[in-house]
Amino acid sequence: LGTDLRVSKMIRPFQQSCLGSKEVLLEVQNNGTNMLASGTSVNLSTEVSGASTDNISTTGALTQDLNPGEKDTLSVGTVTLSSSGPHTFTNTATIGSDQNSQNDTLTVNGNLPSAVNAPATEDFSGYSTCNVSIGGACTIGGGSSFINNIGADQLDWFVSKGSENPSSTSFTGVGQG
């Protein structure tokens with residue numbers, strides 16, 4: 001076919017992205033035998049369905065000449081991903097003279113994880129108590145080892161395996177969405 005532009009990849013958002021406003025970037029490829037000139041008008045759209053729903057569309061333009069097989073990256077705009085869970089992104093790119101509409105759409109499935117507020121704090125209530133002197137260790141249960149303040153690194157407690165800790169400690173960690 002002489003003129004054929006296809007959506008080859010959804011670059012952004014990632015399939016396991018975080019919630020919020022996300023720019024949609026698509027990679028398009030010249031799948032035809034004719035060169036597509038820089039500035040060629042491309043109709044772009046993304047439909048989000050599933051846990052969140054959103055629809056965006058725009059008219060963009062190729063940023064460079066595309067010889068057969070070459071690719072370009074185009075922005076569709078910003079979608080809002082408001083709920084965690086499974087999502088489907090239906091991405092479309094078309095040009096007026098396209099001779100093959102069967103490859104104009106790319107569907108990508110993703111799963112947005114639940115948000116984690118940082119810092120996350122655990123008080124270890126309900127865990128068994130283990131009295132250990134500085135540099136000492138004991139087994140807490142479930143095969144976990146509990147170690148108290150090893151070295152001068154300001155690390156008060158360390159769990160070498162498992163997830164059980166004594167109730168007399170507190171741990172603060174930072175997560176990223």
Side-chain angles (χ1 to χ4, degrees), residues 1-124 126 142 159 161-165 170-177:
L1 296 172
T3 303
D4 184 18
L5 184 73
R6 75 179 188 104
V7 180
S8 54
K9 182 188 332 183
M10 183 178 76
I11 298 172
R12 212 180 295 154
F14 302 110
Q15 292 173 342
Q16 292 190 346
S17 186
C18 293
L19 301 177
S21 296
K22 305 295 177 187
E23 180 183 23
V24 177
L25 290 178
L26 300 180
E27 179 182 86
V28 295
Q29 181 177 17
N30 181 352
N31 214 40
T33 56
N34 297 337
M35 190 267 299
L36 298 174
S38 176
T40 297
S41 181
V42 182
N43 296 314
L44 301 161
S45 67
T46 296
E47 177 184 336
V48 181
S49 59
S52 301
T53 58
D54 201 354
N55 295 303
I56 57 171
S57 62
T58 190
T59 300
L62 295 177
T63 63
Q64 60 188 350
D65 290 343
L66 293 183
N67 290 309
E70 291 184 332
K71 300 173 183 177
D72 196 1
T73 300
L74 303 175
S75 176
V76 183
T78 302
V79 293
T80 300
L81 305 175
S82 58
S83 299
S84 59
H87 286 72
T88 300
F89 299 85
T90 305
N91 305 288
T92 304
T94 61
I95 57 176
S97 57
D98 198 326
Q99 296 173 310
N100 179 11
S101 62
Q102 294 182 347
N103 61 5
D104 293 348
T105 300
L106 175 70
T107 301
V108 177
N109 294 310
N111 188 35
L112 278 67
S114 298
V116 175
N117 294 325
T121 302
E122 169 64 63
D123 67 3
F124 301 108
V159 177
K161 61 184 175 178
S163 61
E164 298 180 40
N165 291 307
S170 179
F171 170 80
T172 301
V174 176
Q176 178 178 341

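These figures come from a predicted structure and were not determined experimentally.
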task = Please examine the side chains of L81 and F89, heavy atoms only from C-beta on, and report whether any two atoms are closer than 4.5 Å.
result = yes
ask   = Distance from L25 atom CG to K9 atom NZ, nearest 0.5 Å?
value = 11.0 Å
query = Is the backbone of R6 close enough, under 3.5 Å, to the side chain of N31 for a donor and an acceptor to pair up by distance?
reply = no
message = I'd like to know whether NZ of K22 has more than 12 heavy-atom contacts from other residues, nucleotides or ligands below 6.0 angstrom.
response = yes
message = Between Q99 (side chain only) and D4 (backbone N and O only), is there a donor and an acceptor less than 3.5 Å apart?
response = no
remark   = Applying side chain to side chain donor-acceptor pair (under 3.5 Å) to S8 and not counting sequence neighbours gives E27
key: Minimum heavy-atom distance between I95 and S41, given as atom pair plus value   = CG2-O, 3.3 Å
Donor-acceptor pair, side chain of D72 and main chain of T63, under 3.5 angstrom = yes
Please list, one pair per line, the donor and acceptor atoms closer than 3.5 Å that link side chains of residues 42-49 to other protein atoms, with sequence neighbours excluded.
| unit_1 | atom_1 | unit_2 | atom_2 | d |
| --- | --- | --- | --- | --- |
| N43 | OD1 | T59 | OG1 | 3.3 |
| T46 | OG1 | N91 | OD1 | 2.9 |

request  = Compare all side-chain heavy atoms of L74 with those of T58 and state whether any distance is below 4.5 angstrom.
outcome  = no
ask   = D104: what forms a side chain to side chain donor-acceptor pair (under 3.5 Å) with it, not counting sequence neighbours?
value = none
note = Rounding to 0.5 Å, atoms CD1 (I11) and CG (L26) come to a distance of 7.5 Å
note = Taking every heavy atom of N100 against every heavy atom of Q102, the minimum-distance pair comes out as OD1-N, 3.1 Å
request  = Find out whether L112 and L19 are in side-chain contact, i.e. whether some heavy atom of one side chain is under 4.5 Å from a heavy atom of the other.
outcome  = yes
key: Intermediate values then yes/no, side chain to side chain contact (heavy atoms under 4.5 Å, CB included), T90 and T105   = CA-CA 7 Å; T90 305; T105 300; 3.6 Å; yes
task = Please report the closest heavy-atom contact between S52 and S82, naming both atoms and the distance.
result = OG-N, 2.8 Å
query = Got a second to check how far L62's CG is from T40's OG1, nearest 0.5 Å?
reply = 5.0 Å
remark   = With sequence neighbours left out, the residues meeting side chain to side chain contact (heavy atoms under 4.5 Å, CB included) with A51 are S83, H87
remark   = Hits for side chain to side chain donor-acceptor pair (under 3.5 Å) against N34, two or more places apart or cross-chain, chain-then-number order -> T3
Rounded distance [0.5 Å steps], CG in N103 versus CG in L5 = 8.0 Å
request  = Can you sort out the partners of S97 under side chain to side chain donor-acceptor pair (under 3.5 Å), two or more places apart, ordered by chain and number?
outcome  = none
